[in-house]
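Here's the structure we're looking at; comments come further down.
Letters go in sequence order (proteins before strands), and every chain restarts at 1. It should be emphasised that the depicted structure is a prediction, and the values quoted were computed from it without experimental measurement.
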2 protein chains.
Amino acid sequence: MTAKRTAATAPVLRRISAEAVLQAMVSAGELTAGDLIAATGLSRPTVHSVCDELIGLGWVLETGGAASPAATGTQPGGRPSRRYTLNACAAFVVGIDLGATKVSCCLADLRGRIIVETTRPWRDEHVGALERVQIARRIMQELLDQAGLDAGQVLAAGMAIPAPVTDDGHAVALESYLPGMAALDLRTALQPDFQWPLLVDNDANLAVLAERWCGAAQGVDNVVVLLAGERLGAGICLGGRLIRGGGAAGEMRFLELVEGVGNTDAIGGMCRELGAIAAAEILAGDRPVAAGESVLVELAGRRPEDVTAEMVVEAARRGDPAAVEVVAVVMDRTARAAAVVSTLLDPELLVLAGGPAGAGDVLLPVFEQQLGQLNSARPRLAASTLGDHSALVGAVRTALDHAFESLLG
Amino acid sequence: MTAKRTAATAPVLRRISAEAVLQAMVSAGELTAGDLIAATGLSRPTVHSVCDELIGLGWVLETGGAASPAATGTQPGGRPSRRYTLNACAAFVVGIDLGATKVSCCLADLRGRIIVETTRPWRDEHVGALERVQIARRIMQELLDQAGLDAGQVLAAGMAIPAPVTDDGHAVALESYLPGMAALDLRTALQPDFQWPLLVDNDANLAVLAERWCGAAQGVDNVVVLLAGERLGAGICLGGRLIRGGGAAGEMRFLELVEGVGNTDAIGGMCRELGAIAAAEILAGDRPVAAGESVLVELAGRRPEDVTAEMVVEAARRGDPAAVEVVAVVMDRTARAAAVVSTLLDPELLVLAGGPAGAGDVLLPVFEQQLGQLNSARPRLAASTLGDHSALVGAVRTALDHAFESLLG
DNA sequence: GTAGTTTATTAAGGACTTTAATAAACCACT
DNA sequence: AGTGGTTTATTAAAGTCCTTAATAAACTAC
């Protein structure tokens, strides 16, 4: 079936070895040959040979020599070992989160450390698809200037968008999503300014990569991230691999089939829901709310239509009954969705990410309690530790993956 | 993180080459060196060298020579090519489907062709877990005798059971499932009679392997199989890989959260449902059914409590309104479940397997129509081509996978 | 300064692969 | 029957990469 045109020639071995060495270096800082032998199983001559080659390519630095900082002390005597370090600044990657309300861009080094970053809200929500892409492009140029880097030093870019993405790099048109976006071939969105390979994926998918990499799901192979900010989407990782289906895996439109949830169009993420429902509650209240009676109204500054998710959370934290009720309503919906996902996919861990992650102290207990009432599988629960950076960090992660993969191929 | 202790030593290359050659042979019958060169990308000397080695190990036969059957005609002149064939009888594998109502066992060769097979219903549904396993063991011995094989010629065994299975080979206890089964370590269930490695998995998971291998989902990487016989379970394959989650992925208990479906315990597969609901309908009918008025009653032989799924399907096929109604009710439930699964996982194809597969002509149109009414993703639909053999064939497939994997390691 | 210890480097040997050259086996034609 | 043409098998030579074993280097401690 699968005609593998790549014969198993000798250099394949070198590639395997180099990959092993490089991987050990990415997650470890300064290493001696002995460390690398332990990590890779290779012999000493091979390790040195591979490292020399990587040094030649610029990916690795030989650190220290005589004046290595931590070198003294650790070594019990004997010829000092050579010390190798990944050259994190040999190249860079780009991450872009083209969100519903704002755009975030960043530059990161080969370790994934973010060098420079900018977040900018859209002027208003009617900014068109093409213009959004152009804004991102302009920001990227600013960031490159700011960091003093050249576009040629960037190996790859990752981009998150709040909608499913097909394999050929097109956004799937959702009713609720930006018109015009689906018509773009996003893979070429940054051209002609930037020629780097652009990996586009949906924000929830990238969020799960991020959480597994350096967030709340490190070391967990079966995990679902509920990205619950402006929209509600799930990023699914099973068996250590991201699940994309035909591109639209993780969509939560099935909520309309779950009891207690209304029609599709109304389904947003928690932030939107918290604000919207709270506003509606207050506005629909048949009695006028007296000053001081409601923390929520207080926070909203007497303008209920301006109430935000943060206000609701803060009010709930202070015990405001109306806010607590709103939180309960929204979490109930989320819990039902989570129950379906958990039962069907049986993940070990469920991570709440996006806007609400910072309010984990308020939301998570409610969520846990409501999920417990449903007869579903019981995964561990956690709030994201990445704030609303999950998607952006995930974009960096895909870009890095791509960079390392194409690096030795 | 992952300390890979396997250094990239030279023999790794040979292993890669051998794997490529073997894989090409499994799916192709008799092959010349030229074919293998095209399939693997290896050079001619390497191909011959690998084949000679495999011949020495017994896995490959050199067929033909002078009297090869299809050899003449194809070759335009020149030195005749050596022809290699997988020695399908070099070893064997075992498949077992420990179903809810019956047990099926088989022996298959390295190509997966079933040599001998036996299906036997349980005496009654109260046969205990341990006894069921013993019965399977006895049947396997009979099959070995029948085929004239020795237990030592069997490389691996696969076993399907109608419940989730944990990684350590234990069935997950479900209310509806056989008491006592969860306490067994199924991996050692065939010992001490048979020492072969036993791969236990849930029937729906194995069904999806089978459908992809030689059923309705060949060549499809994103597919969900709804195994809808006595119970309802989903086998999920995404990105070409079986999704197991923590072992219980594919469970359909979320149906209780879907509108229009009652409590958990009542949820069975289509066969059970069709029979049960039809019986209830008939029995609850307030007017006595006149002879000839209902095809369904006719088929049931005036004993409504004995009505089977086959009868309902047959009656519906003949247009009996009551039967059509029952089919619609049952398919509605299935369609809702399928809508949730499709939306969340976005598979290309949905396969209906298990008992109902044979009745695809009746069920599929109804299913398709009802699924279409739901606002979900729209995968292609198909009925299994494996009858109720999906799980058994899948058990053979896992056993084969294991056998080939351990063969060159 | 010398013994002891740890690591780097060099050398030798083995397992693969590939390409190129040579030998074998068959057809078709005269 | 013999000879040319053609296709495939086999052998030979060269190269890459790994490993183990031996040798050299660099440093500490006494």
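With sequence neighbours excluded, the residues that form a salt bridge (charged side-chain N to carboxylate O under 4.0 Å, His left out) with A:Arg82 are A:Asp52, A:Glu62. Looking at residues two or more places apart in sequence or on another chain, you find a salt bridge (charged side-chain N to carboxylate O under 4.0 Å, His left out) between A:Arg187 and A:Asp185. Contacts of B:Asp109 classified as salt bridge (charged side-chain N to carboxylate O under 4.0 Å, His left out), with partners at least two apart in sequence or in another chain: B:Arg113. By the salt bridge (charged side-chain N to carboxylate O under 4.0 Å, His left out) test, B:Arg111 is found to be paired with no residue, residues two or more places apart in sequence or in another chain being considered. With sequence neighbours left out, the side-chain contact (heavy atoms from CB on, under 4.5 Å) criterion links B:Val26 to B:Leu86, B:Phe404.
Distance B:Ile16 CD1 to C:dT17 C1': 12 Å, rounded to the nearest Å. Atom pair B:Tyr84:OH and D:dA9:C1' shows a separation of 9 Å (rounding to whole Å applied). Regarding A:Arg82, its CZ atom lies at a distance of 13 Å from the C1' atom of D:dA25, rounded to whole Å. Rounded to whole Å, atom P of C:dT6 lies 14 Å from atom CD1 of A:Ile37. Look at CG on B:Leu31: it is 14 Å from P on D:dT8, rounded to the nearest Å. Summarising the geometry, the separation between CZ on A:Arg79 and P on C:dT6 is reported as 15 Å, rounded to the nearest angstrom. Between B:His48 atom NE2 and D:dT10 atom P the separation is 6 Å, expressed in whole Å.
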Set out, line by line, the N/O atom pairs under 3.5 Å between protein and nucleotides 15-19 of chain D.
residue	atom	partner	partner atom	Å
D:dC18	OP1	A:Ser17	OG	2.7
D:dC18	OP2	A:Arg14	NE	3.3
D:dC18	OP2	A:Arg14	NH2	2.7
D:dT19	OP1	A:Ser43	N	3.4
D:dT19	OP2	A:Ser43	N	3.3
D:dT19	OP2	A:Ser43	OG	2.4
D:dT19	OP2	A:Thr46	OG1	2.6

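Under a 3.5 Å cut-off, the side chain of B:Thr40 and the backbone N or O of B:Val21 do not form any donor-acceptor pair.
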